[in-house]
**Q** 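Questions regarding the structure given below will be posed in turn.
Both counts, for ligands and for their atoms, begin at 1 and track the order of listing.
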Amino acid sequence: MVTDDRPAAPTATAKSGMDDNGQWWRDAVVYQIYPRSFADSDGDGIGDLRGISDRLDRLVDLGVDCIWLSPFYVSPGADAGYDVADYRDVDPMFGTLHDFDTLLAKAHRLGLRVIVDLVPNHTSTAHPWFQEALAAPPGSPERSRFHFRDGRGADGSEPPNNWPSAFFGPAWTRTTDPDGKPGQWYLHMFDSGQPDWNWDNEEVREEFRSILRFWLDRGVDGFRVDCATALVKAPGLPDVPENPDDYDFFAAVRGLDGQDLPPSPGGDQEGVHDIYRDWRSVLDEYGADRILTGEIWLPPRQISRYLRPDEMHQAFNFAYLEAGWSADRVHRVVRATLAAHDEAGAAATWVLSNHDVVRHATRFGFGPDAPRMFGIRATDPQPDTALGLRRARAATLSMLALPGSAYLYQGEELGLPEHTTLNDEARQDPAWRRSGGTQAGRDGCRIPLPWEADRPAAGFSPGGKTWLPQPSAYARLARDRQQETAGSTLEMYRQALGIRKARHLGHGKLDWLSEPADAVVALRNGDLLSVTNMGNVPVGLPPGDVVLRSEPGPDTVLEPDTTAWILSRPTA
Ligand code: TEU
């Protein structure tokens, strides 16, 4: 079904200046908005949809092509909105459906595409179907939409299998029957407030087709699919090996350069591909320009199975995010990525930060072997923030020179660091609580953005409230301080995105000028040369015009921890 009143989406040719046959995503720069921390319009200290609408022009100015909105749906907030109680409405905290329509129409008017988060692996315990399941007996159709099981042991007091939750502790919670006696258990790969759907159930499948249509009818350009590998589990839900190194339960990246991971009973099962083929046919009813982007924590070669022509359009490249400050690993990941995607006929993607990982300006402030992926507390070793920012800027330029699509996380264009000294009392991530306080969790990368240095809450909220406290460093990094300030991180991003677009780098072809054993990552994309010095000593730069660099310096020398973009001079 195609609706006539869809807010006009930007045309591909208008965006890129090239004919990409409408496949706008192949070179798109996508900016991730984490709604509760982007901008607050009503003063409650939590970002909202009107706050986003009001500031979309800044993103146009930055030069991105598309925004991805993390969940804004009705939710009790057990996992910051990734526990969805109503997939078809906006949580009052964020506004209304009308606010969403206004945002979408404005974004399209400004030439920005909009993709929304879809959370199909699990729902919320507050979802009406889960409440019905709790009220229904074991074996009922209501319970078969989820994974309810009897417990093990004589009295059923042991979880049905040994699966751990991604947020620590068991992946099962026991229910209480209406008579007050302990009942069956339900599966939740994440928080106990996030029961997993049973994708063998046809009603669940039909419900999600309908949810896709609901947002496609409103005019969205696509979906970021949460936990895309996890929907289908191995039949019988078998135990996992005792040693977590013997399998890959959450399909996170263990092998950086494409070696196969042992199969996990909790995800990446063959049956999941049928779901994406089915969804692809729903999207294709709306034309060829609506996309699926998978959150897939797998190495490139395994990701490409999700990118077959009748499945998803693209997937996040977490192997790249995890490559760290290592020329060797960057070479290997980029090569593996391009080879796997070329074979699948899909465009590669690149990403350095998101709402689940320590911001890259902080990750790079540790040694290469300390990726610091799951939060940092005040009592942990602290990063070298200057080094972190220097390397983050260099890494960003290196990333933006690559062909394909790039994902940016809000605030990275300001060089924001992680909040590494957040008070434990302020922490909200369920992983913090469920780990018994041994893991800081992800709050430190979700801090409200600084917009204007001299206003309360650095301009995030009119009343000065923020749902998580901002670190003192944020005010001086506020957008208004960086706007039109030569050499600021914001200006560097703006220039890089401008050059990337003007020279069609996203559609380019990569030639290597360096080897994995080198200390530099040097590559050519069209007539642009990008050289990143990941070693300890300065290196000479090839001749040409330096059009952008991550730190100031002479045209002939590249200092450690910096990147230069050079345009080759035409040969006479
Ligand atoms: O994340 C899925 C995921 O596996 C990780 O990024 C996760 O945060 C980490 O591994 C914890 O161990 C997605 C969302 O991006 C994340 O914010 C949600 O919390 C999660 O799904 C559950 O919906």
**Q** Evaluate the ring planes of F148 and Y186, with Trp represented by its six-membered ring, and classify them as parallel (under 30°), tilted (30 to 60°) or perpendicular (over 60°).
**A** tilted
**Q** Is the charged tip of R55 near the ring of W451: under 6.0 Å from the six-membered ring centre and within 45° of its axis?
**A** yes
**Q** Could you tell me, atom by atom, which parts of ligand 1 come under 4.0 Å of a heavy atom of D79?
**A** 18 (C), 19 (O), 20 (C), 22 (C), 23 (O)
**Q** Short list, please: which atoms of ligand 1 are under 4.0 Å from a heavy atom of R446?
**A** 17 (O)
**Q** Considering only heavy atoms of F167, which atoms of ligand 1 have at least one such atom less than 4.0 Å away?
**A** 11 (C), 19 (O)
**Q** Side chain or backbone of M189 under 4.0 Å from ligand 1, or both, or neither, by non-hydrogen atoms?
**A** neither
**Q** Tell me, please, which residues at least two apart from Y82 pass ring-ring contact (aromatic ring centres under 6.0 Å, His included).
**A** H355
**Q** Tell me the contacting part of R224 for ligand 1: side chain, backbone, both, or neither, using a 4.0 Å heavy-atom threshold, strictly below.
**A** side chain
**Q** Out of F168, F190, F316, Y34, indicate the one that has the non-hydrogen atom closest to atom 20 (C) of ligand 1.
**A** F190
**Q** Could you list the residues that satisfy salt bridge (charged side-chain N to carboxylate O under 4.0 Å, His left out) with E412, not counting sequence neighbours?
**A** none
**Q** Please verify whether a non-hydrogen atom of H188 lies at under 4.0 Å from ligand 1.
**A** no
**Q** Considering only heavy atoms of C227, which atoms of ligand 1 have at least one such atom less than 4.0 Å away?
**A** 2 (C), 13 (C), 21 (O)
**Q** Using 30° and 60° as the class limits, which term best fits the ring planes of W197 and H127: parallel, tilted or perpendicular?
**A** perpendicular
